[in-house]
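Presented below is the structure to which this report refers.
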Amino acid sequence: MPWKKGQRPKFVREQDATGQVADTYSEIRRQLGLPFVPLAYQIYATYPRFLELHWQAMRPVVETEAFFRLAERVRADGYTRAHSYLRVPDLCERVEDLRFSTGARHELTATVELLHYKDALLLLLLAAQLQAFDHPVGTEAPATPAGVPELGEAPVLVDEERAAGPVRRVFDDLKRTLDVPFVLPDYRALARWPDFLTAYWQVMKPVVQSPLYSECQWALRDTTWEMTRELPARIELSCEQLTDAGMSDDDVATCVKITELFVKHLSGMVLNIAAAKIGLEGGTVAAPALVRGEEMPSRAA
């Protein structure tokens, strides 16, 4: 395991990055159209040689319009599954500030849209990397250069240690329920609106514990896995290539495990942030399968 149960992972914060890591961070933000560096890459940066080689392998992909179209398909798949199978009420009706404050609702919506955008990009990239540890992925094909949008300001993340009592209790419950040693950044961003986070987690906790949710996660991962074959560049970065580049076997194994964990959690986050988006849009009626406790059809092999 890259970190033991209850142990926070090491990471390199953006303000602490120097040299090649700082340069790579700048490219990640610019190429992905993000105002911040995602946590997965901050953790990768504790293995700077891996971060450098990973981004070199991914750069030809993220420079194409096709990559962003594929990420949009991942995003749409997650949204469709959440809308069709997960019980999501109108969350604005449950939060007084959002019923009466246009400004708060606008800021929260913008944050959710940014997270929704980011999670699909990362899931597609890391699913590709996870396969590339074993074999090349993607295809050699002519591609149109991407025009990447600028997506506003970085969200404010509420610090775990300094969170107020109600938010701290939600954070602790999130970690127990999701079996993670730290609060994922998306939830820390939502914690800027404590009443929303509380209402949202009251809705999502039983959802994420259901067999139906697990089936949705598996199906989304399978869909993303298949989409990596359409990436418009051949991605080659195997474990053998990493050891040949000077990384130790233990460090390579750790990077593989980190990637596996992020692919798992990102498939959940794509669904969960889609559910937050749906809740802000007025919610949806529960699918009959969820009400009866039935499962979706088995995922594809």
Side-chain angles (χ1 to χ4, degrees), residues 3 5-9 11 13 35-36 38-40 42-43 78 82 86-119 152-210 212-214 216-217 261-262 264-284 286 290:
W3 50 82
K5 189 174 180 64
Q7 180 183 16
R8 296 173 186 271
F11 60 94
R13 297 181 300 175
F36 57 90
L39 178 63
Q42 295 185 40
I43 294 175
L86 307 185
R87 183 177 182 177
V88 184
D90 184 343
L91 291 171
C92 292
E93 284 300 310
R94 297 187 172 206
V95 182
E96 182 176 347
D97 286 348
L98 300 183
R99 288 203 306 268
F100 300 110
S101 171
T102 302
R105 186 166 179 170
H106 176 77
E107 289 184 30
L108 175 56
T109 298
T111 295
V112 168
E113 291 288 353
L114 176 58
L115 298 174
H116 195 223
Y117 170 84
K118 177 264 298 181
D119 289 337
E153 298 294 323
V156 175
L157 303 183
V158 174
D159 189 278
E160 275 191 66
E161 304 303 325
R162 300 179 182 178
V167 171
R168 176 73 70 84
R169 286 191 289 274
V170 174
F171 279 177
D172 289 343
D173 198 31
L174 275 161
K175 289 188 288 187
R176 283 193 300 269
T177 303
L178 301 177
D179 192 26
V180 290
F182 58 96
V183 179
L184 297 169
D186 291 29
Y187 299 118
R188 292 174 57 200
L190 296 182
R192 184 181 172 193
W193 299 270
D195 291 344
F196 177 82
L197 177 66
T198 299
Y200 167 78
W201 183 238
Q202 286 173 349
V203 167
M204 291 303 296
K205 181 177 179 179
V207 169
V208 302
Q209 294 174 312
S210 69
L212 175 61
Y213 178 86
S214 296
C216 286
Q217 248 191 306
L261 289 173
F262 268 102
K264 174 185 175 181
H265 289 302
L266 282 164
S267 62
M269 288 311 307
V270 170
L271 289 170
N272 296 356
I273 296 302
K277 178 177 168 65
I278 291 164
L280 290 171
E281 294 169 347
T284 186
L290 183 60

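Here the side chains of T198 and V167 are not in contact, with every heavy-atom distance at 4.5 Å or above. Taking the side chain as every heavy atom from C-beta outward, V170 and Y200 never approach each other to under 4.5 Å. You'll find the side chain of V112 reaches within 4.5 Å of the side chain of L108, heavy atoms only.
For the residue pair A163 and V158, the shortest heavy atom distance occurs at CB-CG1, 4.0 Å. Looking at every heavy atom in both residues, L157 comes nearest to P185 through CD2-O, 3.5 Å. C216 and L86 get closest at one heavy-atom pair: SG-CD2, 4.4 Å. Minimum interatomic distance between A275 and A82 (heavy atoms only, all atoms of both residues): N-CB, 4.3 Å. Among all heavy-atom pairs drawn from G78 and L271, the shortest one is O-CD2, 3.6 Å. F196 approaches A276 most closely through the heavy-atom pair CZ-CB, 4.3 Å.
The line from NE2 of H265 to CG of D186 is 12.0 Å long, rounded to the nearest 0.5 Å. Considering CD1 of I273 and CD of E113, their distance stands at 10.5 Å, rounded to 0.5 Å. Atoms CG and OG1, from D172 and T177 in turn, are 10.5 Å apart once rounded to the nearest 0.5 Å. Going from atom NZ of K277 over to atom CG of N272 covers 15.0 Å, rounded to the nearest 0.5 Å. Between atom CG of residue L174 and atom CZ of residue F182 there is a gap of 12.0 Å, rounded to the nearest 0.5 Å. Taken to the nearest 0.5 Å, the OG atom of S214 stands 10.0 Å off from the CD atom of Q209.
Across L114, L115, T109, a single residue satisfies side-chain contact (heavy atoms from CB on, under 4.5 Å) together with T111, and that is L115.
Formation of a donor-acceptor pair under 3.5 Å by the Q217 side chain with backbone atoms of K264 is found in this model. The backbone N or O of E160 sits less than 3.5 Å from a side-chain atom of R168, completing a donor-acceptor pair. Side-chain N or O atoms of R188 include none that pairs as donor or acceptor with a backbone N or O of F171 at under 3.5 Å.
Checked for salt-bridge contact, R176 and D173 meet the test: a charged N lies under 4.0 Å from a carboxylate O.
Ring pair W201/Y187 is perpendicular by interplanar angle, where above 60° counts as perpendicular and below 30° as parallel.
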